[in-house]
Amino acid sequence: MQLSADKGAEKVITLWITLAGVAASSIISALAGLITPWLLILTIIAGVITVVAAIWYPPEYARYFKGSFDGYAIRATTGVFIKKELFVPVKALRTFELCSTPVQRLFGCRTVILRFAGGAALLPLLPAGQAEKLVSELERIEDCDC
């Protein structure tokens, strides 16, 4: 079973980047009104950074997010700036969860949380079908005690 991000993940990331950029621009603009109009230059810079990040980052995230599940272990590679390789054997799993925010549900994404002795790992923004299939496979393996 292959795991990868799709257009829904790109939309969720784009929305969060846009909201962060609007909030930053609003705060800087408010400070410009209180302190000095020269801070409006920072508002322009924040706007440009927001637009560039919203266009560039989401497709890069989806391109680099790759994973697989072969019945014995979950493998995934994530990260654009900092690469993270995840390897979790099924035997090491204690619990697993499927969760999503309202924005993720709107765009058909889910996050799978894998808990094991010593920590936890996230598989964020998986397409709903892949996430549900992964969890059902993990439940099946857990039930049969393979």
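These figures come from a predicted structure and were not determined experimentally. Numbers for residues simply follow the sequence, beginning at 1.
- Linking Ile, Leu, Val, Met, Phe, Trp and Tyr whenever their side-chain heavy atoms come within less than 4.5 Å puts Met1 and Phe65 in one cluster.
- In Tyr72, the OH atom is not crowded: 12 or fewer heavy atoms of neighbouring residues, nucleotides or ligands sit closer than 6.0 Å.
- A distance of 12.0 Å separates CD1 in Ile49 from CD1 in Ile17, rounded to the nearest 0.5 Å.
- The shortest non-hydrogen separation linking Cys109 to Gly8 is SG-C, 3.4 Å.
- In this structure, Leu39 and Thr43 have side chains that are not in contact, with every pair of non-hydrogen atoms separated by 4.5 Å or more.
- Note: Tyr57 and Phe81 have parallel aromatic rings, judged against thresholds of 30 and 60 degrees for the angle between ring planes.
- The salt bridge (charged side-chain N to carboxylate O under 4.0 Å, His left out) contacts involving residues 72-84 comprise Asp70-Arg75, where partners must be two or more places apart or lie in separate chains.
- Atoms CD1 and OG1, on Ile45 and Thr50 in that order, are 11.5 Å from each other to the nearest 0.5 Å.
- Side chain of Ser136 to backbone of Lys133: a donor-acceptor contact under 3.5 angstrom is found.
- Using a 4.5 Å heavy-atom cutoff, the side chains of Phe116 and Pro89 are not in contact.
- No continuous path of ILVMFWY side-chain contacts below 4.5 Å connects Leu40 to Ile44, so the two sit in separate hydrophobic clusters.
- Side chains of Phe107 and Leu125 form no contact here, defined as non-hydrogen atoms less than 4.5 Å apart.
- Within a 6.0 Å sphere centred on CH2 of Trp16, heavy atoms belonging to other residues, nucleotides or ligands number 12 at most.
- Nearest heavy atoms, Gly67 versus Gln2: O-OE1, 3.3 Å.
- Closest of all the heavy-atom pairs between Pro127 and Ala5 is CD-CA, 4.4 Å.
- What you find for Arg140 and Glu137 is that their closest heavy atoms are NH2-OE1, 3.0 Å.
- Tracing side-chain contacts under 4.5 Å through hydrophobic residues (I, L, V, M, F, W, Y), one reaches Leu126 starting from Val103; they form part of the same cluster.
- The shortest side-chain heavy-atom distance between Leu138 and Val90 falls under the 4.5 Å cut-off.
- Side chain of Gln130 to main chain of Ser4: a donor-acceptor pair is present (N/O by atom type, distance under 3.5 Å, no hydrogens or angles).
- Crowding of Lys7 atom NZ: a count of heavy atoms from other residues, nucleotides or ligands under 6.0 Å not exceeding 12.
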**Check against side-chain contact (heavy atoms from CB on, under 4.5 Å), Leu93 and Leu114** = CA-CA 7 Å; Leu93 285 177; Leu114 306 168; 3.7 Å; yes
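- Atom-to-atom distance recorded for Leu123:CG and Ile113:CD1 is 10.0 Å, nearest 0.5 angstrom.
- Linking Ile, Leu, Val, Met, Phe, Trp and Tyr residues whenever their side-chain heavy atoms come within less than 4.5 Å leaves Val48 and Leu19 in two separate clusters.
- Side chain of Arg110 to main chain of Glu132: no donor-acceptor pair is present (N/O by atom type, distance under 3.5 Å, no hydrogens or angles).
- We find the CD-CD1 distance between Glu60 and Ile55 to be 13.0 Å, quoted to the nearest 0.5 Å.
- Across all non-hydrogen atoms, the minimal contact from Cys99 to Gln104 is O-OE1, 4.0 Å.
- Minimum heavy-atom separation, Phe87 to Ala73: CE1-CB, 3.5 Å.
- Residues Leu106 and Leu98 fall within the same hydrophobic cluster, defined by Ile, Leu, Val, Met, Phe, Trp and Tyr side chains chained together at heavy-atom separations under 4.5 Å.
- Phe69 has its side chain within reach of Ile141: a pair of non-hydrogen atoms, C-beta onward, lies under 4.5 Å apart.
- At least one side-chain heavy atom of Ile74 sits less than 4.5 Å from a side-chain heavy atom of Leu134.
- By the side chain to side chain contact (heavy atoms under 4.5 Å, CB included) test, Glu139 is found to be paired with Phe96, Val135, residues two or more places apart in sequence or in another chain being considered.
- The shortest side-chain heavy-atom distance between Thr111 and Leu122 falls under the 4.5 Å cut-off.
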